Amino acid sequence: MNSFVYDIPVKVYFGENQLGNLGAELKKFGNRVLLTYGGGSIKKSGLYDSVTDEIRKAGLELFELSGIEPNPRIDSVRKGAQICKDEKIDVLLAVGGGSTIDATKYMAAGACVDHDPWEFFSKWAPIEKALPIVTVLTLSATGSEMDPGGVISNPETKDKIGRLAPQLLPKVSFLDPTLTYSVSEYQTACGAADMMSHIMEVYFNMEQDLYMLDCFMEGLMKTIIKFAPAAMKEPDNYEARANLMWASSWAINGFVNGGKQQEWSCHPMEHEVSAIYDITHGLGLAILTPRWMEYCLDETTASKYYQFGVNVFGIDASLPEMEAAKKSIEMLKEFLYGTLGLKSSFEEVGIDDSNFEIMAKKACMGETLEGFKSLKQKDIEEIFKMCLK
């Protein structure tokens, strides 16, 4: 078992009627606020008015950047970073889901450097400083409200790249489950698939680590399996939305990692898919994850699948290990494609095999993806092929 350091200094206001604290929290970081958001759904829901009222009541000066895309683009980051420089912004307020928060993180970092923000990805330029970030979450999925990372797309280069830096951690996050009542069935399902993948990327690991962390991850996965369908059926089910919202944060805030060292597998593969085809991230993960599991299953890894199936899906513990392992994959498929109703193949979303070679090469950076099972380019190409139908 490896030693580790855990440090997550994000202040969270969880529950209803917490926005009354927003102005005071923002004011701790200065008086000039850049509000960032996406396509305008926060205006339809009334959240925009609530947020801007709190900002004005606190006597703060408000600037805005709207139109941040799903799979957020580097151009949005560039615009935000420039506004921060031109208007001498003190603090950024991201209102939305993971895309808005991710983009805002790199605006905050881009405001503190002279180079183009894309160099954080293309040249791995150091992230040594960022303006403070506050978030108001409207979608349970990525966990960006409580983690130090983000993923940005560059349509010109067909790249989608993520990285971590402690400077990108939000200072304060507001998590009100009622703000997710308007999330569609489809986006709720995609968010659930994303959360499941965040946990599974860590859980499927043959390293010896803390038993309690496996128990914690199993509990998170069971929570998602129980409450995602409930939230889809009853959008204003507070218990369901609250459980999903808190699970999304804890799935990826670093706690479950413990001392595990392996790389993630499905996320690098999916990033290459959505970089080219711009599909919803959670949907891409839902298509890829069961095929990745099938590809990695053998006598050396079957015990982990058995544990997953028995403890998460309630598979009969008396079944032979390999039989239970295979059944665990089938039960995951049933959850993703049956219960959540997500599409199950690349063919269904208009993806063919024409870009598999370049996508696979980028996913492993021309070398080896050292995940649950080591994957070279040809391995990844084969997993992509398994996703076709």
Side-chain angles (χ1 to χ4, degrees), residues 13-20 22 26 33-56 62-73 75-77 79-80 83 92-107 133-146 150-153 170 172-195 227-228 231-238 240-242 244-246 248-249 274 278-284 340-342:
Y13 285 88
F14 191 96
E16 293 186 79
N17 304 317
Q18 297 275 28
L19 279 183
L22 178 62
L26 289 169
V33 181
L34 175 61
L35 169 64
T36 62
Y37 55 98
S41 61
I42 68 166
K43 290 188 174 180
K44 295 175 186 175
S45 69
L47 177 57
Y48 174 86
D49 290 336
S50 298
V51 167
T52 54
D53 284 350
E54 293 301 325
I55 292 171
R56 292 192 178 97
L62 176 63
F63 302 84
E64 296 185 27
L65 175 63
S66 62
I68 297 172
E69 316 85 351
N71 294 321
R73 314 287 200 268
D75 278 349
S76 290
V77 174
K79 289 176 187 175
I83 292 171
L92 293 89
L93 173 61
V95 180
S99 294
T100 295
I101 298 172
D102 281 8
T104 304
K105 288 177 178 180
Y106 289 100
M107 295 174 200
I133 304 153
V134 175
T135 81
V136 177
L137 186 64
T138 63
L139 174 65
S140 304
T142 71
S144 195
E145 68 280 357
M146 205 177 176
V151 183
I152 302 297
S153 296
V172 185
S173 287
F174 288 80
L175 277 61
D176 180 349
T178 66
L179 299 181
T180 65
Y181 284 176
S182 61
V183 175
S184 69
E185 282 190 35
Y186 171 70
Q187 288 296 344
T188 300
C190 288
D194 195 5
M195 287 183 247
F227 287 109
M232 292 168 68
K233 185 177 180 181
E234 302 174 64
D236 58 353
N237 182 323
Y238 186 86
R241 293 296 191 182
L244 290 176
M245 181 168 269
W246 203 219
S248 75
S249 297
S274 51
D278 201 28
I279 66 171
T280 304
H281 177 56
L283 174 60
L340 298 184
L342 293 171

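Here, residue 1 is the first one in the sequence, and each next residue gets the next number. Values reported hereafter were calculated over all heavy atoms of this structure, with side chains retained and with hydrogens, waters and symmetry mates removed. Fair warning: this is a prediction, and the values are worked out from it, not measured in the lab.
Between S99 atom OG and E69 atom CD the span is 8.5 Å, to the nearest 0.5 Å. Considering CE of M232 and OG of S184, their distance stands at 8.5 Å, rounded to 0.5 Å. Separation of atoms OG1 (T52) and CD (E64) is listed at 7.5 Å; rounding is to 0.5 Å. Interatomic distance, CG of L137 versus CD1 of I101, reported as 5.0 Å (0.5 Å rounding). Between the CG atom in N17 and the OG1 atom in T178 there is a gap of 7.5 Å [rounded to 0.5 Å]. A distance of 10.0 Å separates CG of N71 from CD1 of I152, quoted to the nearest 0.5 Å.
In plain terms, the two heavy atoms of K105 and P170 that are nearest each other are CE-CD, 4.1 Å. Listed here is the closest heavy atom pair of S140 and M245: OG-CA, 3.2 Å. Considering every non-hydrogen atom in both V151 and D102, the closest pair reads N-OD2, 3.0 Å. Between F14 and A242, the closest heavy-atom pair is CZ-O, 3.6 Å. Here the closest non-hydrogen pair linking T138 and G97 is OG1-N, 3.4 Å. For K233 against P235, the heavy-atom pair with the smallest separation is O-CD, 3.6 Å.
Note on ring orientation: taking the six-membered ring where Trp is involved, the planes of Y238 and Y181 are perpendicular (angle over 60°, cut-offs 30° and 60°).
The shortest distance between side-chain heavy atoms of L34 and L65 falls below 4.5 Å. By the 4.5 Å heavy-atom criterion applied to side chains, V51 and L35 are counted as neighbours. Annotation: side chain of Y13 is not in contact with side chain of L19 (no heavy-atom distance under 4.5 Å). Counting heavy atoms from C-beta outward, V95 and T100 have side chains that stay 4.5 Å or more apart. Taking 4.5 Å as the limit, some side-chain heavy atom of L22 sits within range of a side-chain heavy atom of F174. At a threshold of 4.5 Å between non-hydrogen side-chain atoms, the residues M146 and T135 do not count as touching. Taking the side chain as every heavy atom from C-beta outward, L244 and T180 never approach each other to under 4.5 Å.
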query: What do the steps show when you test D49 against R56 for salt bridge (charged side-chain N to carboxylate O under 4.0 Å, His left out), and what is the final call?
result: CA-CA 10 Å; D49 290 336; R56 292 192 178 97; over 6 Å; no
- prompt: Should F227 and N237 be marked as a side-chain contact (heavy atoms from CB on, under 4.5 Å) after you check the CA-CA gap, both sets of side-chain angles, and the distance that decides it?
  reply: CA-CA 9 Å; F227 287 109; N237 182 323; 5.7 Å; no
- request: Given side-chain contact (heavy atoms from CB on, under 4.5 Å), test S173 with L175 step by step and report yes or no.
  value: CA-CA 6 Å; S173 287; L175 277 61; 3.7 Å; yes
query: What's the verdict on side-chain contact (heavy atoms from CB on, under 4.5 Å) for S248 and E145, showing C-alpha distance, side-chain angles and the deciding distance?
result: CA-CA 9 Å; S248 75; E145 68 280 357; 3.5 Å; yes
- request: Please test I55 against L26 for side-chain contact (heavy atoms from CB on, under 4.5 Å), starting from the C-alpha separation and ending with a verdict.
  value: CA-CA 8 Å; I55 292 171; L26 289 169; 3.9 Å; yes
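Partner C190 forms a side-chain contact (heavy atoms from CB on, under 4.5 Å) with one of L283, V183, L139, I279 and no other, that one being L283.
A distance-only check finds a donor-acceptor pair linking the side chain of S45 to the backbone of L47 [under 3.5 Å].
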